[in-house]
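Lettering of chains follows the sequences in order, A, B, ..., and the numbering in each one begins at 1.
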There are 2 protein chains.
Amino acid sequence: MKKKVTIHDLAKMLNIDSSTVSRALANSPRVKQKTRDLIQAKAKELGYSRNVVASNLRSKRTLTIGVVVPYISRYFFSTVIAGIEEHATENGYQVIICQSHDQIEREQQMIQTLLSYQVDGLLVSISMETENTDHLKHVLNQEVPLVLFDRKCNGLSLPTIHIDDFQMGYEATKHLIDQGCRRIVHFTGSDQISIYHDRKQGYCQALKDHGLVVSEELILTSALKEADGKLLAQQVLDMPLRPDGIFCANDLTAISAMQLLIEKGVKIPEDIAFVGFSNEPLGNYLSPALTSVNQNPKEIGKVAMQTLLGELSTKPSPDTDRLVPAHLVVRASSLKKG
Amino acid sequence: MKKKVTIHDLAKMLNIDSSTVSRALANSPRVKQKTRDLIQAKAKELGYSRNVVASNLRSKRTLTIGVVVPYISRYFFSTVIAGIEEHATENGYQVIICQSHDQIEREQQMIQTLLSYQVDGLLVSISMETENTDHLKHVLNQEVPLVLFDRKCNGLSLPTIHIDDFQMGYEATKHLIDQGCRRIVHFTGSDQISIYHDRKQGYCQALKDHGLVVSEELILTSALKEADGKLLAQQVLDMPLRPDGIFCANDLTAISAMQLLIEKGVKIPEDIAFVGFSNEPLGNYLSPALTSVNQNPKEIGKVAMQTLLGELSTKPSPDTDRLVPAHLVVRASSLKKG
DNA sequence: CTGTTAGCGCGTTCAC
DNA sequence: GTGAACGCGCTAACAG
């Protein structure tokens with residue numbers, strides 16, 4: 001019913017110029033306090049609301065940032081987004097969220113769309129498929145700040161927020177060793193993907209540091225999809241010499257692997273101890289026998305947004321990477337008694 | 001580096017008018033195929049990308065819809081959003097997502113912001129606190145289509161997407177009765193909130209239809225926060241006559257209630273059978289003893305978006321509510337053997 | 001088929 | 001302190 005009220009409407013009613021109204025609404029000190037109050041009162045009275053689209057066009061900033069993640073409904077990502085969103089809102093920024101479905105083509109298209117929306121900055125967790133980085137370079141050419149999180153990008157030097165994957169791989173493995181495990185399997189993903197690469201390196205280093213040998217047949221590589229968990233677990237059960245520990249570099253896979261083990265009557269951690277990555281709230285409930293690496297997704301989101309805000313204000317980006325502290329969540333019932 | 005290319009740049013280079021360029025890029029048949037091709041080729045060559053903000057200002061539509069949910073990181077909502085997003089993208093719409101944190105104040109503010117962004121439509125799951133609906137009326141006054149999902153709004157007649165809560169409450173309770181339960185507790189929320197009201201009605205009706213009495217002391221009301229689960233479960237254990245079935249009208253609460261029961265050594269379903277609401281992937285993993293109502297969140301998102309698209313094209317909104325089919329997920333291990 | 005004109009609503013000069 | 005004028009990039013309306 002009510003037509004949209006513009007600053008011109010307000011101006012006419014008060015017999016002043018629209019630019020004054022504009023300034024008053026922006027609380028500019030260049031307009032007398034009295035007229036400011038008057039204008040703001042009238043604005044509220046008429047239910048005026050600023051047309052952000054017009055404002056954006058003129059001011060060439062949208063106070064909007066774009067976020068691209070593989071899947072919004074994965075707990076890790078939705079929690080990262082919650083962190084981003086909270087911190088963004090506090091700083092007056094809006095957030096537009098897109099899913100890439102882990103497909104580079106969609107990722108490229110979404111980023112292009114976000115750019116055409118004139119977003120002020122971009123927060124991206126690149127897809128598993130992403131090897132070609134032309135679309136990311138394109139973003140930089142447009143001088144739009146870009147911060148990555150979770151997944152690092154090989155070719156390009158970009159600020160990236162992630163946990164210390166090497167360190168956590170090391171700690172996870174050390175935990176198993178401390179529990180008395182001597183034959184520890186590692187489920188990993190493509191070595192091209194740096195998070196998996198690094199976690200594996202941490203695993204290897206921990207073994208070496210504790211006088212254990214790194215054996216290739218204990219390192220099982222897969223796409224780490226949910227279904228892979230059961231396949232991998234079965235592979236472990238079929239091994240002639242049964243392993244006594246598993247470190248899985250991925251959350252979904254860890255869960256489904258544990259499922260199979262439990263179904264098959266394997267006692268965890270007595271028969272095989274298990275360390276996975278966190279998939280809260282699953283990790284909280286699923287199995288008290290699951291030790292996991294808590295990646296702190298909300299914190300990752302917060303730090304990512306902070307970093308982007310930094311880029312937004314000052315051009316120089318000194319630090320390339322920022323590590324978010326992660327830690328092992330060990331439950332009493334996940335400890336071997338022996 | 002590269003400055004942003006505008007249609008004027010293209011126009012000058014090709015010695016034609018900018019409006020022709022505009023039409024060509026919109027693939028309007030009013031431009032000769034040949035010049036269209038020429039222009040589009042040049043556009044691609046120079047890396048032109050339409051300034052959507054300017055376009056929106058002029059065309060008075062943003063092809064953007066706003067979504068407001070209590071918490072983005074809850075599985076139910078993030079999955080609804082995934083459904084919305086998929087269907088929106090397919091139809092050329094962008095999605096902006098906001099969290100209300102279940103606070104009416106934030107909800108009002110977010111909706112106001114989205115309106116100032118000139119969104120073409122709004123999809124809202126109202127907060128638990130929402131009783132005053134002025135801000136929703138305001139949306140309608142602005143003639144912006146508004147569709148609710150999950151939570152219904154009492155005062156206002158608005159298209160709302162939800163499951164058949166009465167029916168599911170009935171089925172859940174009937175399932176317990178069929179398993180041999182005779183003393184069935186119901187965890188419910190505020191009777192003001194229609195989903196809880198309806199689920200409770202279904203519970204009551206099922207009892208009556210099967211010759212059981214509705215007993216007030218078996219109906220436990222709380223805010224249904226996560227922490228309430230444990231409190232409620234303890235209450236059940238403390239009852240002089242121990243119940244043999246529980247129907248919980250909420251996901252988070254169901255999970256934490258089960259947790260406590262399991263901790264206390266209660267055998268589910270042998271001692272007490274349990275039906276909750278789905279919180280996938282939790283429901284899949286947590287406990288094979290948990291029967292739950294699958295609310296089909298992705299489908300809810302899809303239907304919500306469809307409904308909104310309908311409102312977006314044709315003004316009349318005939319149907320006020322749309323029910324999304326839900327169903328009980330019963331696992332073999334959740335059946336009482338007796 | 002294409003060009004011309006005139007804004008969309010707001011922010012930013014400049015003068016005053 | 002305030003107002004007039006202009007332009008952001010694009011598109012609707014009307015010519016021709």
Residues which pass side-chain hydrogen bond (donor to acceptor under 3.5 Å, both in side chains) with B/T113, listed by chain and number, not counting sequence neighbours:
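side-chain hydrogen bond (donor to acceptor under 3.5 Å, both in side chains) check on B/T113 returns nothing, list empty.
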
So, using side-chain hydrogen bond (donor to acceptor under 3.5 Å, both in side chains) as the criterion, who are the partners of B/T62 when residues are at least two apart?
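B/T62 satisfies side-chain hydrogen bond (donor to acceptor under 3.5 Å, both in side chains) with B/D120 once adjacent residues are dropped.
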
Is the backbone N or O of B/I72 less than 3.5 Å from a side-chain atom of B/Q99, with the two atoms forming a donor-acceptor pair by type?
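Yes.
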
Whole Å only: how far is the [atom1] atom of [X] from the [atom2] atom of [N]?
| X | N | atom1 | atom2 | value |
| --- | --- | --- | --- | --- |
| A/K4 | C/dG9 | NZ | C1' | 12 Å |
| B/H8 | C/dT5 | NE2 | C1' | 13 Å |
| A/K60 | C/dC10 | NZ | C1' | 14 Å |
| A/L57 | C/dG7 | CG | C1' | 12 Å |
| B/N27 | C/dC1 | CG | P | 14 Å |
| A/D9 | C/dG9 | CG | P | 9 Å |
| A/I39 | C/dG11 | CD1 | C1' | 15 Å |

Hey, does the side-chain of B/R58 have a donor or acceptor N/O within less than 3.5 Å of a partner on the base of C/dG7?
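Donor-acceptor pair under 3.5 Å: yes.
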
Least distance between heavy atoms, A/P145 atom then A/L312 atom:
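Smallest interatomic distance, heavy atoms only, reads CG-CD1, 3.3 Å.
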
Partner residues of B/V144 under the side chain to side chain contact (heavy atoms under 4.5 Å, CB included) criterion, sequence neighbours left out
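Expected list: B/L115, B/V139, B/Q142.
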
Applying side chain to side chain contact (heavy atoms under 4.5 Å, CB included), can you list everything that pairs with A/K12, at least two apart in sequence or on another chain?
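Testing A/K12 for side chain to side chain contact (heavy atoms under 4.5 Å, CB included), a comparison that skips the adjacent residues, returns none.
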
Side-chain donor-acceptor pairs under 3.5 Å in residues 13-31 of chain B, sequence neighbours left out?
{"unit_1": "B/D17", "atom_1": "OD2", "unit_2": "B/S19", "atom_2": "N", "d": "2.9"}
{"unit_1": "B/D17", "atom_1": "OD2", "unit_2": "B/S19", "atom_2": "OG", "d": "3.0"}
{"unit_1": "B/N27", "atom_1": "OD1", "unit_2": "B/R36", "atom_2": "NH1", "d": "3.0"}
{"unit_1": "B/S28", "atom_1": "OG", "unit_2": "B/R30", "atom_2": "N", "d": "3.0"}

Going 5' to 3' along DNA chain D, which nucleotides are the first and last within contact of chain A (any atom under 4.0 Å from a heavy atom)?
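Contacts span D/dG1 to D/dG9, reading 5' to 3'.
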
Any idea which of C/dC8, C/dG11, C/dC10 is nearest the A/S59 side chain?
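Among C/dC8, C/dG11, C/dC10, the one nearest the side chain of A/S59 is C/dG11.
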
Protein-nucleic acid N or O pairs under 3.5 Å, nucleotides 2-4 of chain C:
{"unit_1": "C/dT2", "atom_1": "OP2", "unit_2": "B/K32", "atom_2": "N", "d": "2.7"}
{"unit_1": "C/dT2", "atom_1": "OP2", "unit_2": "B/T35", "atom_2": "OG1", "d": "3.3"}
{"unit_1": "C/dT2", "atom_1": "O4", "unit_2": "B/R30", "atom_2": "NH2", "d": "2.2"}
{"unit_1": "C/dG3", "atom_1": "OP2", "unit_2": "B/D17", "atom_2": "N", "d": "3.2"}
{"unit_1": "C/dG3", "atom_1": "OP2", "unit_2": "B/T20", "atom_2": "OG1", "d": "2.8"}
{"unit_1": "C/dG3", "atom_1": "N7", "unit_2": "B/R23", "atom_2": "NH2", "d": "2.9"}
{"unit_1": "C/dG3", "atom_1": "O6", "unit_2": "B/R23", "atom_2": "NH1", "d": "3.2"}
{"unit_1": "C/dG3", "atom_1": "O6", "unit_2": "B/R23", "atom_2": "NH2", "d": "3.4"}
{"unit_1": "C/dT4", "atom_1": "OP2", "unit_2": "B/D17", "atom_2": "OD1", "d": "3.3"}
{"unit_1": "C/dT4", "atom_1": "O4", "unit_2": "B/S19", "atom_2": "OG", "d": "3.3"}

Contacts under 3.5 angstrom, residues 150-159 of chain B side chains, donor-acceptor by atom type, not counting sequence neighbours:
{"unit_1": "B/R151", "atom_1": "NH1", "unit_2": "B/D102", "atom_2": "OD1", "d": "2.9"}
{"unit_1": "B/R151", "atom_1": "NH1", "unit_2": "B/I126", "atom_2": "O", "d": "3.1"}
{"unit_1": "B/K152", "atom_1": "NZ", "unit_2": "B/D198", "atom_2": "OD2", "d": "2.8"}
{"unit_1": "B/N154", "atom_1": "ND2", "unit_2": "B/Q192", "atom_2": "O", "d": "3.0"}

Among residues at least two apart in sequence or on other chains, which ones pass ring pair (Phe, Tyr, Trp, His ring centres under 6.0 Å) with A/H8?
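With sequence neighbours excluded, A/H8 shows a ring pair (Phe, Tyr, Trp, His ring centres under 6.0 Å) to no residue whatsoever.
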
Would you work out how much the helix from C/dC1-D/dG16 to C/dC16-D/dG1 bends between its ends, with each end axis defined by five base pairs, to 10 degrees?
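Both end axes considered, the difference amounts to 30°.
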
Could you list all the ring pair (Phe, Tyr, Trp, His ring centres under 6.0 Å) pairs where at least one residue sits in residues 21-58 of chain B, not counting sequence neighbours?
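As it turns out, there is no ring pair (Phe, Tyr, Trp, His ring centres under 6.0 Å) pair with a partner in residues 21-58 of chain B once direct neighbours are skipped.
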
Cut-off 3.5 Å, no hydrogens considered: what does the side-chain donor-acceptor table look like for residues 49-57 of chain A, sequence neighbours left out?
{"unit_1": "A/N51", "atom_1": "OD1", "unit_2": "A/V53", "atom_2": "N", "d": "2.9"}
{"unit_1": "A/N51", "atom_1": "OD1", "unit_2": "A/A54", "atom_2": "N", "d": "3.1"}
{"unit_1": "A/N56", "atom_1": "ND2", "unit_2": "A/V52", "atom_2": "O", "d": "3.3"}

